[in-house]
Every structure is written in structure tokens, then in C-alpha cells.
Amino acid sequence: MLIDTLAARPSALKVDLVLSRGPFIMGSRMKMHYAAAVTLALLVSQTALASPELARSKNCVACHHMERKMIGPAYKAIAERYAKDESAAKALNEKVIKGGVGNWGQTPMPPQSSLTPAEAETLVKWILSQQ
């Protein structure tokens with residue numbers, strides 16, 4: 001069952017506790033829908049929180065640091081430069097995947113073709129939030 005499967009995962013433990021001790025009396029079908037919605041919300045929030053780990057796993061940290069310039073610009077410098085640019089996220093998603101040169105000097109950023117568009121979007125949103 002869905003609830004048993006969710007209970008096997010640590011993040012789903014909260015779902016199990018809410019369903020078994022929650023203030024509402026729900027039928028099993030409603031519990032399944034509620035569990036699915038809560039699980040989806042947890043997965044989405046974990047993806048956003050996992051961005052530093054994603055940056056490490058994709059080796060972004062070989063060239064970028066949170067606060068100081070390395071080979072590439074610091075995450076905070078990127079966030080500051082694009083803070084008021086509402087179209088920046090889309091352009092940066094493309095830049096991360098395709099690479100480029102000239103925005104931060106003549107050191108090229110190589111293409112990161114192993115990133116999916118969703119991973120690139122997650123990383124860019126996280127970087128832009130580092131002001």
C-alpha cells in the first residue's frame with residue numbers, strides 16, 4: 001500500500017504520523033490522496049533544499065565558491081549581479097547547460113551537458129537566492 005511504502009522512507013514518517021494521529025478522521029482513499037499530496041510537497045521542498053548537494057555532486061564547486069572567486073565567479077556575486085534581472089533565470093539555465101565566455105572575463109565556462117534542464121533550473125534558482 002502507498003502508506004506502507006511511504007512509511008519505509010524517513011521523510012514519509014511525518015506523513016504516517018500525521019495520518020495516524022491527525023485531527024481529522026479520513027477514509028482510506030482520502031488518506032491515500034492526502035499522503036500523496038504531502039509526499040509530493042516534501043519531495044519538491046527537498047529538491048530545493050538539496051541544491052548545495054546538487055552543486056557538489058555535479059562538481060560545480062570545482063570552479064565556484066559561495067563567497068569568493070575561484071576559476072568562476074562566486075555564487076553570491078552571480079546572485080548580486082542578476083538580482084534585479086527577471087529574465088536572468090532563463091538565460092542562466094541555458095548558460096549552465098551550454099557553457100559560455102565573456103560575462104565574467106575570458107575564462108570559459110564549459111558546457112554542463114550532463115545536467116538535465118530541471119537540475120539546471122534548481123541550481124540557478126538556488127544560486128540566485130544567495131544574496
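Side chains included, hydrogens not; waters and symmetry mates left out as well; all remaining heavy atoms used.
In this structure, CG in L123 is found 9.0 Å from NZ in K58, a value given to the nearest 0.5 Å. Atoms OG and CD1, on S51 and I127 in that order, are 8.5 Å from each other to the nearest 0.5 Å.
When all heavy atoms of A79 and L128 are compared, the pair lying nearest together is CB-O, 3.7 Å. Residue E119 comes nearest to S114 through the heavy atom pair OE1-O, 3.9 Å, listed as atom of the first residue, atom of the second, then distance. For the pair A62 and I71, the tightest heavy-atom approach, listed with the atom from each and the gap, is O-CD1, 4.0 Å.
Side-chain atoms of H65 do not come within 3.5 Å of backbone N or O of A74 as any donor-acceptor pair.
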In a table with atom names and distances, give each donor-acceptor pair under 3.5 Å that connects a side chain of residues 90-112 to protein atoms at least two apart or in another chain.
residue	atom	partner	partner atom	Å
N93	ND2	A89	O	3.3
Q112	NE2	P110	O	2.9

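Both L54 and V61 belong to a single network of hydrophobic side chains, linked directly or stepwise wherever heavy atoms of I, L, V, M, F, W or Y lie under 4.5 Å apart.
Partner of Y75 under the side chain to side chain contact (heavy atoms under 4.5 Å, CB included) criterion, out of M66, E67, Q131, R68: M66 alone.
Ion pair E80/K76 not flagged as a salt bridge, since none of the NZ, NE, NH1 or NH2 atoms sits closer than 4.0 Å to an Asp/Glu carboxylate oxygen.
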